[in-house]
Amino acid sequence: MTAAVLDRSPAPTRRPWSAGTWAAGALGRLLPTLAVLAAPALLAVGALPVTGTPAVFLLLLAPAGALVAGAQRLGRQAVTIDRLQREQATLLEQVRSRADELDQASRILAARAQTMTSVIDAVTEQSIIGTDPDGTIRVWNPGAEKLLGLPRADVVRRRSIVEFHLPEELEEAAGSHGTTVGLEALVRDAQQNGSDVRDWTYVGAGGRQRTVSVAVTPRTDDRGVHAGWNFVGTDMTEIRATERMKDQFVSLISHELRTPLTSILGYLELVLDDDDRTLTDEQRQYLTTVERNADRLLRLVGDLLFTARVEAGQFTLQPEQVDLVTIVGAAEETARVAATTAGVQLRVAAPGGRLVVAGDPVRLGQACDNLVSNAVKFTPRGGEVTLTVTSGWRSADGAVTAEERPGATPVAQLSVRDTGIGIPNDEQGKLFTRFFRASTAQRNAVPGVGLGLSITKAITTAHGGTLDLVSAEGEGTTFTLTLPRDA
């Protein structure tokens with residue numbers, strides 16, 4: 001084997017070099033050698049004196065040393081220049097890369113802005129209005145032009161959103177919020193809750209007024225800084241007019257039905273209370289059935305009248321100190337016959353003493369009766385309905401606990417839990433709507449018109465309380481009525 005094959009030692013590390021570096025290094029090594037070789041030759045030809053030759057030799061070498069030092073400086077400078085050139089090339093490549101990225105990002109942002117503008121301009125049935133933080137309009141889509149009758153050029157950067165609202169509505173909102181009249185009254189709820197949807201009256205060209213359901217949301221820029229407000233409106237003028245006509249019709253018909261029903265029930269009571277044996281047992285049974293159904297019809301008419309008053313804002317309370325334990329006891333007694341007939345067991349869990357709240361005893365009793373009767377109706381034979389009354393403390397996040405917490409307010413809770421057919425998840429949000437009936441109720445042919453829960457919700461809200469629902473289809477439902485109480 002040759003030495004080249006046996007030698008496996010690692011090759012020496014090579015440093016990067018350039019022509020300038022190599023030349024400087026070579027010159028530095030060559031000059032001393034030339035000086036040493038030139039001295040004897042000069043002596044031989046007599047160019048240098050023999051006496052003092054070392055000193056002269058040193059003088060000869062002195063310029064060579066200076067040349068070596070200069071060559072070394074040039075070499076170091078050449079290395080530095082090479083390094084700087086490489087760094088410059090790297091930086092130029094990075095700049096070109098960043099420029100390409102910025103160009104691509106700007107194109108993406110421009111495309112997004114164009115897409116958003118196209119989408120906004122394509123919406124013609126809803127008004128989309130965007131403003132600055134001070135309310136000056138910056139976005140005005142074709143839907144806003146159609147609704148308010150003003151072209152974009154006449155509005156953008158020229159008008160404020162406040163100018164298209166009724167002053168009296170803004171004054172009313174400012175009074176309820178304790179704010180100044182203007183933009184602050186318009187966006188107060190959206191500012192606190194993140195969004196707000198309610199009816200406002202828009203005033204367009206020529207003073208034309210439209211009832212509009214407006215969704216107000218805050219708008220931020222790409223840095224997260226508040227940049228203004230978005231107002232998305234849907235014209236509800238015809239829909240609200242139809243609803244008012246329906247409510248007026250229901251109220252009128254209910255009044256017209258109530259008078260003859262009251263007369264029918266009065267005469268039935270006279271006949272059935274007659275001690276004379278002029279009625280056979282069969283006739284008395286028939287009249288009792290008539291009386292029961294007439295009484296049911298009268299309650300339905302009363303519910304219709306109540307909902308009409310609620311919608312018209314004419315619902316009033318007669319508040320006094322009310323014991324919820326007594327309310328629950330009366331509801332259980334009222335529903336006991338129907339529960340026994342249906343094969344449903346009623347249970348009551350209440351404190352031994354009193355649990356007093358401020359409220360209307362008639363309306364609170366009505367709300368409790370509705371919840372209990374619904375629970376009995378929707379629970380199959382062999383099931384249970386449990387009525388529970390408890391006291392607690394509600395914190396700012398809405399959670400209710402048995403123990404007092406800092407900042408919590410005292411509340412009383414009335415819960416009605418059943419083991420019935422339950423309510424589908426996708427229908428629970430509609431349950432408090434008038435005349436809505438869950439699909440489970442329809443499939444099981446449970447009688448009702450869908451007014452009880454909407455009435456109960458209205459009563460609860462009027463008392464400053466909340467009505468919560470927890471339900472699972474096929475497992476049961478729990479309604480919890482929470483009311484404020486004195487500590």
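Everything quoted here is computed from the prediction, not taken from an experiment.
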TODO: Please indicate whether Arg240 has more than 12 foreign heavy atoms, meaning atoms of other residues, nucleotides or ligands, lying under 6.0 Å from its CZ.
DONE: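 More than 12 within 6.0 Å, yes.
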- [ ] For Arg96, look at atom CZ and say whether over 12 heavy atoms of other residues, nucleotides or ligands are found less than 6.0 Å away.
- [x]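 Yes.
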[X] and [Y]: which non-hydrogen atoms are nearest, and at how many Å?
X: Arg188; Y: Thr179; result: NH1-CG2, 2.7 Å
X: Val389; Y: Pro351; result: O-CD, 3.2 Å
X: Thr477; Y: Ser471; result: OG1-OG, 2.8 Å
X: Gly233; Y: Val212; result: CA-CG1, 3.6 Å
X: Arg437; Y: Gln442; result: O-NE2, 3.0 Å

Side chains of [X] and [Y] in contact at under 4.5 Å (non-hydrogen atoms):
X: Asp100; Y: Gln104; result: no
X: Leu483; Y: Leu364; result: yes
X: Phe164; Y: Ile129; result: no
X: Leu346; Y: Val376; result: yes
X: Arg258; Y: Leu298; result: yes

Could you state the interatomic distance from [atom1] ([X]) to [atom2] ([Y]), rounded to the nearest 0.5 Å?
X: Glu475; Y: Ile421; atom1: CD; atom2: CD1; answer: 13.5 Å
X: Leu300; Y: Leu451; atom1: CG; atom2: CG; answer: 6.5 Å
X: Ile128; Y: Asn230; atom1: CD1; atom2: CG; answer: 8.5 Å
X: Asp295; Y: Leu265; atom1: CG; atom2: CG; answer: 5.5 Å
X: Glu125; Y: Leu147; atom1: CD; atom2: CG; answer: 10.0 Å
X: Thr460; Y: Ile455; atom1: OG1; atom2: CD1; answer: 11.5 Å

Task: Criterion side chain to side chain contact (heavy atoms under 4.5 Å, CB included) against Val322, the qualifying member of Leu355, Ile327, Val362 - done: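 Answer after filtering Leu355, Ile327, Val362: Ile327.
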Task: Lys NZ or Arg CZ of Arg138 over Trp229 ring: under 6.0 Å, within 45° - done: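 No, cation not above the ring by the 6.0 Å, 45° rule.
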Open item on the list: So does Asp134 get a backbone contact from the side chain of Asp132, meaning a donor-acceptor N/O pair under 3.5 Å?
Closed with: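 Not at all, since once roles are kept as given, no pair shorter than 3.5 Å links the two residues.
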- [ ] State whether the side chain of Glu169 and the backbone N or O of Thr201 hold a donor-acceptor pair below 3.5 Å, judged by distance alone.
- [x]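 Yes; judged by distance alone, with no hydrogens or angles, the pair exists.
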Open item on the list: For Phe479 and Phe432, take the angle between the two ring planes, folded into 0 to 90°, and tell me which bin it lands in: parallel under 30, tilted 30 to 60, perpendicular over 60.
Closed with: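 Because their plane-to-plane angle is over 60°, the rings of Phe479 and Phe432 count as perpendicular.
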Task: Ser195 and Thr217 side chains, donor-acceptor separation under 3.5 Å - done: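 No - no donor-acceptor pair under 3.5 Å links their side chains.
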Open item on the list: Would you say Gln366 and Arg363 are linked by a side-chain donor-acceptor pair, where the criterion is simply a distance under 3.5 Å?
Closed with: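 A pair is found: one side chain offers a donor N or O, the other an acceptor, under 3.5 Å apart.
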TODO: State whether Glu333 and Arg336 are salt-bridged, where the test is any N-O pair (Lys NZ or Arg NE/NH1/NH2 against Asp/Glu carboxylate O) under 4.0 Å.
DONE: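 No, Glu333 and Arg336 are not salt-bridged.
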Open item on the list: Check this for me: does any side-chain nitrogen of one of Glu172 and Arg198 sit under 4.0 Å from a carboxylate oxygen of the other?
Closed with: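 A salt bridge is absent here (no side-chain N lies under 4.0 Å from a carboxylate O).
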TODO: I would like to know whether Arg417 and Glu384 meet salt bridge (charged side-chain N to carboxylate O under 4.0 Å, His left out); could you show each step before the answer?
DONE: CA-CA 8 Å; Arg417 179 177 61 84; Glu384 294 183 358; 5.2 Å; no
TODO: Give me the one residue out of His463, Gln413, Arg394 that meets side chain to side chain donor-acceptor pair (under 3.5 Å) with Thr482.
DONE: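 The option that passes is Gln413.
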